[in-house]
Each structure stands twice: as C-alpha cells, then as structure tokens.
Amino acid sequence: MSRVYKIASESSVIVYFGSTIDPAISQEVQKSYLALKAEKCESFFEIIPSYASLMVSYDVMQFDFDGVCEKLETIIHHAEEITMNEPKIITIPTYYGVEVGLDLELLAKEKNLTVEEIIALHVKGMYSVYAIGFAPGFAYLGEIDERLATSRLASPRKAVPKGSVSIADRQTAVYPNQSPGGWKVLGRTPTAMFDASYDGLSLLHVGDQVRFESISKAEFLKLGGKL
Amino acid sequence: MKGFLVENGGVQSCIQDAGRRGFSDIGLTQSGAMDEMAFGYANFLVGNDFNTPSIEIALGGIALKAQSEMCIAICGATMHPKLNGHTIGLWQVHQLKKGDTLSFGFASEGQFAYLAVAGGFQTPHLYGSFSTSIKEGLGGIEGRKLKTGDQLPTSGARCPMDRRKLEKQFIPHYPEEITLRLVKGYQEAMFDASSQGTFFNSVYTFKGEGDRMGYRLSGEKVVPSATGILSEPICYGAVQIPSHGEPIVLLKERQTIGGYPKIGSVIAVDCFKLAQLKAGGRVRFKEVSLEEARATTLAFYRFFGQKGV
C-alpha cells in the first residue's frame, strides 16, 4: 500500500496509510508503529498511531524533513514483513444497569430496540483497539454493530463518570477517569483503564482485542465498582 | 526541611519542566512549561540545566516562605514580586534567607512567570517528567495546582554567580499584538485559496478562552471544505479549525488525538509568545517555510544547550 508523508510541524511528520477505518489499514499502522518502537531511535520523541495515520515527533538537531521521511520509510517498508503475534484479548466486565447506563433508554427509543437488545448487540462484538488518545488510557474500539451506530449527545456532559462504557458513531470506549464527554453511556466497568501498576500504564494497547461481558450489579460492586 | 512553604497558591501555580516525552501513544499529554523561553532563562540564571523543574505561576497571586537559604530567579510575566515586602527585579538572581517571604501581585505584562531555584525542586518525578498536567490530574504535587500548606523541597544548591542578571537585549517583552509564524501542512488542502486568504489576512483576538490545552482565537471565520476527518495525532502548535470556523492553537496540554481539520502548525518559539498573550491581545498569522521554521527552533534549543525539541 502507498504511504503519504506530510509535514505536521517543524518537528513532526504524519504518515497517512489511508483515510478510512479499515482493519487492513489499521494493521499496517500497527506494524509500522511496532517497528518504529523497536528501533528505539532516541531522536523519535513521540510515535503516535491512530486509525489510518501515525505521527512521529523528531529531534530537529538530528533530522530535517526529508531525512526523517527517508529513515521512517526504511523502517516502515520492512515493517510489512512483520508477522504480528496473536492479538491479546481483554475482557472488560460491565454493569449495564440503567442507573449507570445513562443513555440506554434514550438509545433504545432512538433505535427502536429494547434495552436488552442493545446490551446483547454491544456484548456480542469483538473490538480492535484502533487508537489511544483523548485522555490517558482512552482506547478507541471498533466497530460496533451498525444497528447501534449513533451520534454524540447534542450537548456533551460536563462530567462523564469514571469507567463509563460508551458509544459514538461506530466506536466504543471506556472513560478512564471522570471527564467531560459526549459519547452515549451504556454501562460502567469497575476495571481501571489507566493505572501506574499496569505494564505500560494503560490496560489496552493499539492492536489488542476487546470484548465486554455483562455482569450483575452485585458483581460490579464486589469488583470495586462505584455507582 | 529545605525549600518553600506555600502560603498562597495564587491563581494557578504548578511545578513544570520542559514536559513529558514518549507517552503520547497511550494518551498522556506532553505538558511542560507554557513559555519555555522564560522557563529556560530562569533556570539558566541560577545555573540549572534547561530541563529543571521550576514553579510556573499563571496570572500571579502566589506567596511563598523560604524555609532555608536559597538562590532563585524569576522570569517571564511582570507580576511585581516582593521579597519581605520590597519590590525585586525579574530576570536576575536573588539570595533568600530562612524566613524570607516572597509574594506576587498580578501580571501586568504577560501571563506566565517562572520561579527557578538553584538545584531545582525535589518534587516527584512521574512518567519521565516533573510536570503537572492539570487536565489529567497527574504529576507535580498530586496532579494539581499549588495550594496553601504545600511543601516544595529544594536541594540547597548555590548559584554559580550570585548576582547574575540577564542582559537587557535578551529580555523578552509581551506585546498586545503578535505575529505567529506557521508552517502549512497537514490538511492544508482542505482550506481553499479564499479561506487561506481570510486566515492569513485577518487579525484575531484572544478573548481569554484558553488554558494549558490551547487558546481559541476570535475573528473572521475560516471554513474548511470538510467538517470532520478521521481522528489522527495532533502535534504541538497545530491550528485546528472546528465547525465554528475560529482557529484554536493547541498547546502543551493538548489532547493527543483529534478529528478537526488543521491548516498548519505554529512554530514552537511563537507558541511560547502566544502563551504569554493577555486576554484582549491580537494575533496575526504568517506563513514561513519549513526550513526557516526548523532553523528558528534549532537556534532556540541550541542557545539553551538542549538537544533538540
């Protein structure tokens, strides 16, 4: 596949692998990301993957734009040969009660489905971690069933509770901490998404696979969940 | 204990170094001093390495009590600092004795001042940096701004030159109108000639809508040819234009990934200038070549003996 290198700033370059959410493109981004990380080049200050692009912030003392593109292309070209390990599968226990699933009833009305059907559709999916951003440990997971695809709230919440399992467009995510946000909330998990005790600090990493498991209120509370 | 006791945290004061590196891929913001130039001079004056934690004081109002002898310098916004009630100068080294009090008024020029102490502050080092990320509640002192009763330990190091002063010609000023040099790139193609004309020929106003994440500017609206793009990584200085049509310049605590079109990126040293712009200040944008942008950034970090950016 062809790659396009573009100037992002005087010290960063963005590489486009495509322009859509597509597992094949995402896989190419992930391989390139892994290859660049493995290089341990001290002049690459940040390597940030997203859906179809990857940004590298580099040391301007070491590289100019052409130089960094050449170096990146050499590494990324060989990344195509990488065989990726089987993805890690992570299960996120989720309590889907309406007291924490703040938008369940709204969504049921919007989609002409029952709350149970919505939960069933969300639990059924196996999702890929496409990108991590917005907040530490906030993973963009895709893609949710077309029947659940939904817009963001017209007026975002000032404070979405920590652990909120939510959806927007065809993506799903967990809010690692209380923060403002406009994604529709289906439930809440007691699992921490970002924690100093985790290897790599974030529970999820780009390339992982995620599934949600419905748990009862009692289990949620037992696992340390807070209403 | 050696160090400062915070008697009043002021509007928003926090510990900052040059920022956090290498964690953007899991969503941690860069953070770091909003104005690395004033930050750099403060550390330079007391003999510290460039990337040494200092106190970033936003708008003013902080009051501190020295619990030991110390050697400090204050650089950046004019906040009329007083030592035991007597006005002292910025951009120079001061010797403090145990029991001395340091108080600050409110900024009359600029927004951010930096208080560096010889040897730096001995505060927690988290994820490769001393910086506080206010947005994330992480780093510095419990991830928050300083408050009454906080202890800020220091090493008690001496300054290499007790009376060092920055020469006048190096002292930056923070005017009410600034020009930001910008490198085009990114989704430049999403802005047609007329949009770009509007953008580069307008004077924008900073109405104070901004924080460590970024500054929103008000003025002529610029319309990108598409409203949303696939979420992608965001770099320092990126100028994004959401559907309201007014530019937002993304700064130290920007989110790592976003989905708005960007016309280009403001070069680092001009982001530092922007950080110091007071509410009501005016901004113009000027396109520069990538070569010129790189040379400017290179010169800045070389001056402070820092490797790269």
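Chain A is the first sequence line, chain B the second, and so forth, proteins listed ahead of strands; every chain is numbered from 1.
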Q.
For B:F170 and B:F303, take the angle between the two ring planes, folded into 0 to 90°, and tell me which bin it lands in: parallel under 30, tilted 30 to 60, perpendicular over 60.
A.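 Geometry flag for B:F303 against B:F170: tilted rings.
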
Q. Which of the residues B:V288, B:I234, B:T296 is involved in the greatest number of heavy-atom pairs with chain A at under 4.5 angstrom?
A.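 If we count pairs closer than 4.5 Å to chain A, B:I234 comes out on top.
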
**Q.** When A:S57, A:P176, A:P136, A:A52 are compared by non-hydrogen pairs under 4.5 Å with chain B, the top option
**A.**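 Heavy-atom pairs under 4.5 Å are most numerous for A:P136.
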
Q: Please say whether the positively charged group of B:R21, taken as NZ for Lys or CZ for Arg, lies over the ring of A:F45, i.e. under 6.0 angstrom from the six-membered ring centre and within 45 degrees of the axis.
A: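 The answer is yes, since B:R21 meets both limits relative to A:F45.
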
Q | Modelled atom types, side-chain donor and acceptor of A:T91 and A:R211, under 3.5 Å | A |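 Result is yes, a qualifying pair exists.
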
Against chain A, label [X] side chain, backbone, both or neither, depending on which of its atoms sit under 4.5 Å from a heavy atom there.
X: B:L182; answer: neither
X: B:R20; answer: backbone
X: B:R254; answer: neither
X: B:K135; answer: side chain

Q: Please assess B:E246 against B:K221 for the test salt bridge (charged side-chain N to carboxylate O under 4.0 Å, His left out), listing each intermediate value before the final yes or no.
A: CA-CA 5 Å; B:E246 293 179 325; B:K221 292 183 173 29; 3.6 Å; yes

(Q) As an exercise, state the distance from NE2 of A:H205 to CD of A:Q30, rounded to the nearest 0.5 Å. (A)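 Nearest 0.5 Å value for the NE2-CD distance: 12.5 Å.
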
Q.
Less than 4.5 Å to any heavy atom of chain B: does that hold for the side chain of A:S179, its backbone, both, or neither?
A.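 Answer is neither: A:S179 stays 4.5 Å or more from chain B.
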
